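To start, the structure itself, in structure tokens.
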Amino acid sequence: MNRIRRSKRVKVSADGTGRVSRAGVALLRELTVDTGLAAGWTAGLLDTYKAFPTVHPAGRVLADVAVAIAEGGDALAHVATLRDQDKLFGVVASDATVWRAVERVDESHLARLRAVRAVARERAWAAGAGPDLAAGLVIDIDATITIAHSEKTNAAKTWKKTFGFHPLLAYLDRPDVAGGEALAGILRPGNAGSNTTADHVAILAMALSALPAHARPRPSQPDSPRVLIRTDAAGATHGFAAAVRAAGCGFSLGFGIDTDGQAVILTVPGQAWTPAYDIDGEERDGAWLAEITDMLDLSKWPTGSRVVVRRERPHPGAQLRFTDADGHRFTAFITDTAGGQLADLEVRHRAHARVEDRIRCGKATGLRNLPCKQYQQNKTWLELCLTAADLLTWTQALCFTGDLARCEPATFRYRICAIAARLTRSGRSWRLHLDRDWPWATHLATAFNRLRTAPWPA
């Protein structure tokens with residue numbers, strides 16, 4: 001068979017008509033309407049206007065910023081990716097209007113934006129984008145560093161000897177979607193502490209309020225949804241553990257090992273160590289577990305707390321720490337889960353590492369850069385970034401299957417958001433003709449149909 005050879009250069013002309021790029025972004029923008037996000041934000045900010053804004057309602061403007069972030073934008077000016085496609089998206093706010101909308105969001109209105117996003121989450125879950133509640137929910141809490149390259153309010157030196165901010169984030173663990181579902185975030189100065197109890201208690205309350213009402217834990221009620229809170233050792237404080245218990249949740253927290261803890265671990269008899277499992281449930285070579293609850297004073301922790309230690313041979317080249325001994329590395333976690341095999345509890349706790357992937361995807365969805373100079377404006381940007389992560393998650397869970405339901409944001413943008421199309425008008429309706437040669441064109445067409453036929457609540 002003869003191969004069709006293309007010349008090295010193709011002829012280029014600027015005479016195409018009706019063409020649009022980023023056709024897949026229209027799916028995300030449509031979701032902001034179906035979930036009530038744009039309309040709810042407009043209602044929440046209505047009292048900041050002397051008269052109703054008929055051209056660019058604030059909620060629609062902020063929702064467009066969130067869509068631009070979901071598409072990969074990392075500045076308010078990147079809403080131009082929608083504005084430059086006016087044939088597809090209509091009239092989109094100018095940069096000046098976008099800035100004015102962000103400036104209207106003070107602390108009280110930011111709380112309204114969060115409440116509206118919680119309602120939008122409830123609608124999205126009701127339409128089919130939610131997780132399996134019967135299996136229980138797991139919320140991962142972790143902090144990260146966001147570097148600032150210029151002077152910004154409350155930017156400060158971080159513990160990593162960089163300059164910027166130290167936000168604390170909460171994600172709903174959903175292994176079925178790579179980007180994760182963002183529940184809450186607290187923007188903090190760069191010099192904020194890693195194990196600040198007050199911040200952890202605050203984000204716990206924010207994360208639980210971000211859940212739909214039927215998915216929130218109800219303390220002392222037997223039919224309450226099961227919610228587990230996971231953190232690394234930064235969250236292992238008496239006050240935070242007590243707050244988790246009071247909220248009706250379980251906990252699995254990293255547990256720091258000091259010299260006294262090391263001495264206790266070294267007294268554990270050999271027969272007390274049981275094999276650890278890998279993520280697939282198979283025994284892991286060179287790793288063992290033991291429970292040392294009865295060997296520690298846990299009187300300041302909630303009743304029923306247990307401490308489990310992991311002993312393993314370090315990887316070749318790994319540097320031992322001062323708490324490591326006898327050629328082994330030791331880590332520990334504390335949980336209030338009663339019963340169960342130690343190996344299963346430890347595998348569950350180590351899955352907290354997935355939050356690092358959530359944060360990495362979050363930084364690819366606006367969190368890498370806080371573009372505003374004022375602190376309150378950057379708080380609003382953080383909320384818009386979390387909204388963008390939610391839009392991607394809900395879209396993937398509701399409208400796609402297979403790899404497209406699990407792929408990371410960068411892959412989703414390439415395969416879905418960047419699809420080219422031709423926009424035509426017939427009679428009184430518009431039609432979007434996707435490029436039929438694009439490998440994922442039929443997937444996007446099916447996604448639009450699924451979004452529009454989903455069982456949205458009235």
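Just so you know, these numbers come straight off a predicted model, no measurement behind them.
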What's the separation between atom [atom1] in [X] and atom [atom2] in [Y], rounded to the nearest 0.5 Å?
X: H349; Y: R310; atom1: NE2; atom2: CZ; answer: 10.5 Å
X: R121; Y: L37; atom1: CZ; atom2: CG; answer: 10.5 Å
X: T158; Y: F163; atom1: OG1; atom2: CZ; answer: 10.0 Å
X: R104; Y: T380; atom1: CZ; atom2: OG1; answer: 13.0 Å
X: R422; Y: K87; atom1: CZ; atom2: NZ; answer: 12.5 Å
X: H443; Y: F448; atom1: NE2; atom2: CZ; answer: 15.0 Å

Compare all side-chain heavy atoms of [X] with those of [Y] and state whether any distance is below 4.5 angstrom.
X: L62; Y: V105; result: yes
X: F412; Y: T395; result: yes
X: R230; Y: I139; result: no
X: I229; Y: I141; result: yes
X: P189; Y: Y375; result: yes
X: T81; Y: R22; result: yes
X: I416; Y: F400; result: yes
X: R354; Y: P175; result: yes

Under a 4.0 Å threshold between the charged nitrogen and the carboxylate oxygen, would [Y] count as salt-bridged to [X]?
X: R83; Y: D64; result: no
X: R350; Y: E346; result: yes
X: R174; Y: E181; result: yes
X: R452; Y: D34; result: no
X: R112; Y: D47; result: yes
X: D403; Y: R406; result: yes
X: R284; Y: D278; result: no
X: R358; Y: D142; result: no

If we ignore angles and hydrogens, is there a donor and acceptor under 3.5 Å between the side chains of [X] and [Y]?
X: S150; Y: K373; value: no
X: H352; Y: S252; value: no
X: T97; Y: R100; value: yes
X: Q377; Y: W99; value: no
X: T35; Y: R117; value: no
X: R348; Y: T335; value: yes
X: W381; Y: Q376; value: no

Examine distances only and state if a side-chain atom of [X] and a backbone atom of [Y] form a donor-acceptor pair shorter than 3.5 Å.
X: R114; Y: A210; value: no
X: R188; Y: G193; value: yes
X: W394; Y: A129; value: no
X: H166; Y: A192; value: yes
X: R226; Y: C249; value: no
X: D140; Y: D173; value: no
X: Q85; Y: S21; value: yes
X: R218; Y: D223; value: yes
X: D280; Y: E282; value: no
X: T411; Y: C407; value: no

Check your understanding: Cation over ring, R245 on F240, under 6.0 Å and within 45°?
Key ->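 Because its charged atom misses either the 6.0 Å distance or the 45° angle limit, R245 does not stack over F240.
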Grab the two heavy atoms, one from [X] and one from [Y], that are nearest each other, plus how far apart they are.
X: A236; Y: T231; value: N-OG1, 4.2 Å
X: A93; Y: V79; value: O-CG1, 4.3 Å
X: L392; Y: P409; value: CD1-CB, 4.0 Å
X: I69; Y: A388; value: CG2-CB, 3.7 Å
X: P371; Y: N378; value: N-OD1, 3.7 Å
X: T153; Y: F165; value: O-CE2, 3.3 Å

Check your understanding: Does CD belonging to Q221 count more than 12 external heavy atoms closer than 6.0 Å?
Key -> yes
**Study point:** Worked check of side chain to side chain donor-acceptor pair (under 3.5 Å) between T442 and R436
**Key:** CA-CA 8 Å; T442 56; R436 65 181 181 183; over 6 Å; no
**Study point:** Parallel, tilted or perpendicular: ring planes of W440 versus Y414, cut at 30 and 60 degrees
**Key:**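 Judged by the thresholds at 30° and 60°, the geometry between W440 and Y414 is perpendicular.
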Practice item. List the steps, then state whether side chain to side chain donor-acceptor pair (under 3.5 Å) holds for R413 with T365. Key: CA-CA 11 Å; R413 291 168 189 144; T365 313; 3.1 Å; yes
Practice item. List the steps, then state whether side chain to side chain donor-acceptor pair (under 3.5 Å) holds for T32 with R60. Key: CA-CA 9 Å; T32 65; R60 179 69 268 166; 3.0 Å; yes
**Study point:** Intermediate values then yes/no, side chain to side chain donor-acceptor pair (under 3.5 Å), K363 and T146
**Key:** CA-CA 9 Å; K363 289 192 173 183; T146 299; 5.1 Å; no
